[in-house]
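Structure record follows, encoded as structure tokens.
The first residue in the sequence is number 1, and the count goes up from there.
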Amino acid sequence: LRQHIGGYGTANGIFGSGIGSEVVLVVIMFTTFTAYITDTGLANTVAQWFISRKILKGRPYMFILFFWILTFILGVLVDIYPTIFMLWPVIYNISEDLGYHKKDKFPSYMCFGITFIGGVGAVCKPFSMWGLTGYGVFEAAMGIHIDYLQYTIYTGIISIVMILLYALVVPRIMKIDLTPFKDGSYQVSKIDYTREQKIASLFTIILFVVLYLPSILPKEWAFTNILNGQLGTVGCVGLLVCVVAMLYRDGNPLVKVADLAHKGVPFNMVFMVAATIVIGGAMKSGETGIVTAITESCSPILSGLSPIIFYLVLIVLYGISTQFLHNAALLTVFTPIACTFAQQLGANVIVTFVIGMVVLSSALMTPAASTRSGLVFSNDWINEKLAYVLGFCAVLLTGVVMFVIGIPLGTIMFP
């Protein structure tokens, strides 16, 4: 192995291919822009607006469903961790107003759900940290690019089903007492939609339109080529950050990019993504021969499996292993291997990749499964025993939805 890795490239070349990759640059640009959105307080205003709707008063299941839609939207807009740290205090306040206590079923279910559904939202966005990690490894290993809009529509449908099941089925299975919703009320903060938040809303809309527009416009248009080719994702997000940085109010800059980058860019995760790009390419490279060696050793076990049985085995393998090994590491290592087996068995390579993206994101059943699960098990509002139950429900729900709906839908959308 050492001999193979030594022939893969020079230290400068390997480091440059990782840290200088498009995926890493997108992460830096996008997290900087996300820090701007968070600084304006826009996400909190959106949250307060959602939960203050009169239609939710006295209707617990309607409230829960709307809250998960809100969590999903924020997971898409601002990513997982800002969503968690913003919405957990909202649930604390609502629980106290309704007479719930720490570690009761309702706050445990809701706080856990924020980490779960927020993660579902992040998976749905191809340019989230998780999405870019998976995309980078898959493209480096297979040389295939998946259309952003097509991927988002696919994962969006999967997400809707998962949200409905988590909102309407899990509370009944857990027998959560929701009578305080009918007997009491909860308070919300005063909604103050500031001028800065209106500007941030406009830029957020522009960002998503610009990123998804190339998937809709005809490929031969010059404007499409500019967005998709000359600018690309890095250029689009970077240009938007530059425009925000040039705005002034009352003689002062609206934002300072250096401050946003300091607050928003998670450099530990940046280097992890850079490493996944290198590892993903090395795993598939003929110089290292890693995937070839593993594939040859496992072929006797998997040979002869039908594609549907292969998908099922993959879902079960991912669902179990991600509870004990870090999900990002599993995504990096097993994506090239799983896709290589898919090619040999005649399975759909893109469906195989998306199974890993979706199922590995449900790493919440044990404290060591992911960074999010560590937050869950350290939260004193969440009952630890219930955290294990909810973690099991999350991975089971994800696996079932992926097998029953995700596989046939993916086969249609990614022929």
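- Taking the six-membered ring where the residue is Trp, Tyr135 and His145 present perpendicular rings, their angle passing 60° and hence far from 30°.
- Residue Val376 forms a side-chain contact (heavy atoms from CB on, under 4.5 Å) with just one option from Ile114, Thr366, Ile382, and that option is Ile382.
- When the options Ile412, Asn348, Ile315, Val354 are evaluated for a side-chain contact (heavy atoms from CB on, under 4.5 Å) with Ile407, the one that passes is Ile315.
- A distance-only check finds a donor-acceptor pair linking the side chain of Thr83 to the backbone of Leu74 [under 3.5 Å].
- From Asn383, atom CG reaches atom NZ of Lys102 across 13.5 Å, with rounding to the nearest 0.5 Å.
- For residues 342-379, the set of pairs meeting the ring-ring contact (aromatic ring centres under 6.0 Å, His included) definition, not counting sequence neighbours, comprises Phe138-Phe353, Phe377-Tyr388.
- Residues Leu70 and Trp49 form no side-chain contact, since every pair of their non-hydrogen atoms from C-beta on lies 4.5 Å or further apart.
- For Arg172 and Tyr61, the positive end sits near the middle of the six-membered ring, less than 6.0 Å away and at most 45° from its axis.
- Taking all atoms of both residues into account, the shortest heavy-atom contact from Pro107 to Ser95 is CB-OG, 3.6 Å.
- When all heavy atoms of Leu260 and Ala35 are compared, the pair lying nearest together is O-CB, 3.5 Å.
- Gln323 places a side-chain N or O within donor-acceptor distance of the main-chain N or O of Gly319, the cut-off being under 3.5 Å.
- Nearest heavy atoms, Ile144 versus Ile350: CG2-CD1, 4.5 Å.
- No option in Leu42, Thr45, Ile37, Thr40 other than Leu42 meets the side-chain contact (heavy atoms from CB on, under 4.5 Å) test with Ser201.
- Inter-residue side-chain proximity for Val137 and Leu331 is flagged as unmet; no heavy-atom pair is nearer than 4.5 Å.
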After noting the C-alpha distance and the side-chain angles of Leu360 and Trp130, does the key distance pass the side-chain contact (heavy atoms from CB on, under 4.5 Å) rule?
CA-CA 10 Å; Leu360 289 175; Trp130 178 253; 3.8 Å; yes
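- Atom-to-atom distance recorded for Leu390:CG and Ile173:CD1 is 10.5 Å, nearest 0.5 angstrom.
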For Ile91 and Phe67: C-alpha separation, side-chain torsions, deciding distance, then whether side-chain contact (heavy atoms from CB on, under 4.5 Å) applies.
CA-CA 10 Å; Ile91 291 301; Phe67 194 87; 3.5 Å; yes
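- A search for salt bridge (charged side-chain N to carboxylate O under 4.0 Å, His left out) contacts involving Asp39 returns Lys263, not counting sequence neighbours.
- Under the ring-ring contact (aromatic ring centres under 6.0 Å, His included) criterion, the residue pairs touching residues 395-415 are Tyr154-Phe414, with sequence neighbours excluded.
- Note that the CG atom of Leu364 and the OG1 atom of Thr115 stand 5.0 Å from one another [nearest 0.5 Å].
- Two residues are said to be in side-chain contact when any heavy atoms from C-beta on lie closer than 4.5 Å; Met110 and Phe63 meet this criterion.
- Across all non-hydrogen atoms, the minimal contact from Val351 to Thr411 is CG2-N, 3.8 Å.
- Closest heavy-atom contact between Thr352 and Cys339: CG2-N, 4.1 Å.
- Formation of a donor-acceptor pair under 3.5 Å by the Trp68 side chain with backbone atoms of Leu164 is not found in this model.
- Two residues are said to be in side-chain contact when any heavy atoms from C-beta on lie closer than 4.5 Å; Leu386 and Phe112 fail this criterion.
- Judged by distance alone, with hydrogens and angles left aside, the side-chain atoms of Asp177 form a donor-acceptor pair with the main-chain N or O of Thr179 at under 3.5 Å.
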Could you walk me through whether Val170 and Tyr166 pass the side-chain contact (heavy atoms from CB on, under 4.5 Å) check?
CA-CA 5 Å; Val170 174; Tyr166 190 77; 3.8 Å; yes
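- Between Thr155 and Met357 there is no side-chain heavy-atom pair separated by less than 4.5 Å.
- We find the CD-CH2 distance between Glu96 and Trp381 to be 4.0 Å, quoted to the nearest 0.5 Å.
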Which is it for Tyr36 and Val241 under the side-chain contact (heavy atoms from CB on, under 4.5 Å) test, yes or no, and what are the steps along the way?
CA-CA 9 Å; Tyr36 160 60; Val241 171; over 6 Å; no
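- Within the model, atoms CG of Leu168 and CE of Met62 stand 10.0 Å from one another, a figure rounded to the nearest 0.5 Å.
- When side chains are defined from C-beta on, Tyr311 does not count as touching Met402, because their heavy atoms never get closer than 4.5 Å.
- Remark: Ile355 CD1 to Thr335 OG1 distance equals 11.5 Å, nearest 0.5 Å.
- Ser362 pairs with exactly one of Val395, Val123, Leu396 by the side-chain contact (heavy atoms from CB on, under 4.5 Å) rule, that one being Val395.
- Counting heavy atoms from C-beta on, the side chains of Leu207 and Phe203 never come closer than 4.5 Å.
- Between Ser159 and Cys124, the shortest heavy-atom distance links the atoms OG-CB, 4.2 Å.
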